[in-house]
There are 2 protein chains.
Amino acid sequence: MLKSKDSPNSLDQRNATRLRVLEHIRTRGSISRTDIASALQTSPATVTAATADLIAAGLVKETEGETSAKSAKRGRPRVLLQLDGRSHLVAGLKVARHVISVLLVDFEGNEVTSHMHQLKDVQMTPVAFVATVRLALEEACDRINGSIQQLAGVSIGIAGLVDAKRNFVHWSSSITDRNVDFSYLFSEGLPCPTFVENDANLVAKAEQLFGQGKGLKNFLVVTIEHGVGLGIVLDGKLYRGERGCGAEFGHAKVQLDGALCQCGQRGCLEAYVGDYALLREMTVTGHSSEMANVSDIHVQANSGDQRAASVLARAGQMFGLGVSNLINLFDPECIILSGAQMSMEHLCSEDVMNRIKNGVVNVDAPLPEIKIHQWGDLMWSKGAAAYGIEQVSILKVQELAVQHAP
Amino acid sequence: MLKSKDSPNSLDQRNATRLRVLEHIRTRGSISRTDIASALQTSPATVTAATADLIAAGLVKETEGETSAKSAKRGRPRVLLQLDGRSHLVAGLKVARHVISVLLVDFEGNEVTSHMHQLKDVQMTPVAFVATVRLALEEACDRINGSIQQLAGVSIGIAGLVDAKRNFVHWSSSITDRNVDFSYLFSEGLPCPTFVENDANLVAKAEQLFGQGKGLKNFLVVTIEHGVGLGIVLDGKLYRGERGCGAEFGHAKVQLDGALCQCGQRGCLEAYVGDYALLREMTVTGHSSEMANVSDIHVQANSGDQRAASVLARAGQMFGLGVSNLINLFDPECIILSGAQMSMEHLCSEDVMNRIKNGVVNVDAPLPEIKIHQWGDLMWSKGAAAYGIEQVSILKVQELAVQHAP
DNA sequence: CATATTTATTTCAGTCAGTAAAATATTTAC
DNA sequence: GTAAATATTTTACTGACTGAAATAAATATG
């Protein structure tokens, strides 16, 4: 058997099976034991044992939901299983420059409540950061007359370089210090298991658990906001790179010695597609004073302004080039373009899709599907919640093992 | 336990352990049982069982090689284990446009002999292809007075889209037909297990087994020849993409609507770096008649020809841009630039390395190491042999299980 | 030189996850 | 009501792995 003290994420063989069953129930919504057994290529006996444990732990429940029409023959009817949403409350937080958005979800991922906590400072010390997170959580719990003690897990998304396995932040724009190990700070400052992860990775997690990546093994999520982010899911797992700083799609170079980027380098995709890049372009065309954000540019373009249209079009072309390169390199099952409508429109046009199509190496097989997912404001915190649910699942399954021992 | 009839590559739990032990002995050269146990995080008892099986099968042997100076204390000395090179003969083939190169190696990867088989036709029918491979193999075996019957495995590298798991070739420039399933043709036409794989992936395999990727989990191999290829190793395994057509680095776009590429698209890296691209550039500068290959351009540049130098320099800049993007996306442990000296010199210059360094997003952690590996002509067939050895290892370990049954 | 000590490896008697097959449960068909 | 069909649970077993004890092979020490 495998050692179980390796890392907080390691699981012994049995827990791994239970977790696989749990995750399969989650992705399928509701499913019978028989179907789980055949889907996971395991014996019905194993599924019976695993589901019994999960039900005993309150993570899963049997439902009276009508068995699918398919098996409307005779024989003992299948009993459908589904997650017991009420079992655990999980919080997902996204820390942005001026606000922390908190989303409380049940164990199925259904929104319970949400809350915005305004920030005074863009950057905080690690200790102040944890205290502020706690405050934001308490405010959110107040909304449902609950307490922070009830939370089964908290997951925090921030921009920056994060080693999620160790709760270690190499660098983040929200935190004054570099190389902070939050594991001790979290356990001291918060009453429930807490996790931190890079925000683009969290959106990928959200797509995998609840969104258009459900059940897929290899897919990419491109996040479109102020900048461009990338989450890479390979073989069902987030790929983070060796030093935890892979997936820097926004700073992939699309032009030799091209436009100047915030990062100080030239030719980054973000320097053509990021909203500051678009606004910068508009100043050149003489519209500077009127333009406050990207939607203004859209308005201008839609009302026939050739220059605004040209700015958006170039961003689209560069974006298409970048996405086609992703396909050429990763050949994923699908690519999900994730963002708010405002910032995405010009990046999902037919011209852009053609640019992508024409930039991918020709093969017989059809192009990976490009899915467009327009999220609301809660995209990031929902991603955090998704990661939180996953981590809580792992914790709860591990606790199961302990209960069995005596 | 896992089912063992899944795919030809699947292994049950015990075989997986034996294979892990075998692979660990291979990467470490010679190692004691105790060290294997601690390296693989398993018990000494398990290692004893696994190595006993491997020794019985003739794959591994004990050596009298002096135990490493480190343990020159008292106590029972460790017994070192190493591969038994004589146990199996493996052939690696690379099919190029005008020649098939065959390399025969022993089970440790040592060259036994090599042979070049000239081809009349660039393209062959699947049946003719297998017959030609057989002929080339027989010629190679003749050189050591051996027979094709002695081969434990044959591995063939070709350019194109290959689904190696199924021995299925979607498309290759060497074969007239598309979508050919070679599994039947091989079993009919050749007396030993035969495998086919994309050639760039094979070079990655060679680096992993014998070269500078030994023991690494996440690394990239960029092959430089007529075109530019990429092999991706993630988590110790070749990453091939969903449709088997990932890693098309040569056709990643480095310039919007840039130079025309052989593939018909514009702006591909290969259209700036491939040797045909360099020669094309030179025609513009008026040197056309004298230039036959890339080394001529090097000669010109070294003798002070500004135009030749400029052609090489631009290729280097584009190449550096591409490599920096690989690092930004994959954040690997290292990148290995693999090729013959002639075609690489201008892509490994200090200018190019600076371009790479300046194109990678800044983090605290040091840049992934960029290793330059200059191979001879047998690079490709050595890669094929590496893959062949790996596949033969899997087969032999599986045979072990069968012998145990009765 | 005999003995104690140290380290490597093997043997042995469990342990535990997973399984096949039998048993049981629950339904429809007739 | 009984037979047939299908789902799930129970039971007895298998086999990979393990810890602990046994054995092996060396050095240190007197």
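Note that this is a predicted model, so its numbers are computed, not measured. Numbered from 1 within each chain, the chains take letters A, B, ... in sequence-line order.
Residues in residues 384-394 of chain A take part in these salt bridge (Lys or Arg N to Asp or Glu O under 4.0 Å) pairs, two or more places apart or across chains: Lys205(A)-Glu390(A).
Considering only the side chain of Thr46(B), dT18(D) comes nearest among dA8(C), dT18(D), dT27(C).
Summarising the geometry, the separation between CG on Leu400(B) and C1' on dA16(D) is reported as 15 Å, rounded to the nearest angstrom. The distance from atom CG of Asp12(B) to atom C1' of dT14(D) is 13 Å, rounded to the nearest whole Å. Atom CG of Leu80(B) is separated from atom P of dA26(D) by 14 Å (rounded to the nearest Å). Here the C1' atom of nucleotide dC17(D) and the CG atom of Leu40(B) are 14 Å apart, to the nearest Å. For the pair Leu19(A) CG and dA17(C) P, the computed distance is 15 Å after rounding to whole Å.
Judged as a side chain to side chain donor-acceptor pair (under 3.5 Å), and not counting sequence neighbours, the contacts of Asp331(A) are Arg243(B). The side chain to side chain donor-acceptor pair (under 3.5 Å) search around Asn110(B) returns Asp106(B), not counting sequence neighbours. Taking the side chain to side chain contact (heavy atoms under 4.5 Å, CB included) definition, one finds that Ser32(A) meets it with Thr34(A), Asp35(A), Arg78(A), Leu80(A), sequence neighbours left out. Remark: Ser87(A) pairs with no residue by the side chain to side chain donor-acceptor pair (under 3.5 Å) rule, at least two apart or across chains.
The pair Asp163(A)-Arg240(A) fails the salt-bridge criterion, with no side-chain N (NZ, NE, NH1 or NH2) lying under 4.0 Å from an Asp/Glu carboxylate O.
For the pair Thr34(A) and dT6(D), the criterion of a side-chain N or O lying under 4.0 Å from OP1 or OP2 is not met. OP1 or OP2 of dC17(D) lies within a sub-4.0 Å distance of a side-chain N or O belonging to Thr17(B). Taking side-chain N and O atoms only, Arg78(B) has a distance below 4.0 Å to OP1 or OP2 of dA8(C). Regarding contacts with the backbone of dT7(C), every side-chain N or O of Arg74(B) stays at 4.0 angstrom or more from both OP1 and OP2.
Between Arg20(A) and Gly75(A), the residue whose closest nucleotide on DNA chain C is further toward the 5' end is Arg20(A).
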Nucleotide N/O to protein N/O under 3.5 Å, stretch nucleotides 10-12 of chain C:
{"residue": "dT10(C)", "atom": "OP2", "partner": "Arg33(B)", "partner atom": "NE", "Å": "3.2"}
{"residue": "dT10(C)", "atom": "OP2", "partner": "Thr48(B)", "partner atom": "OG1", "Å": "2.7"}

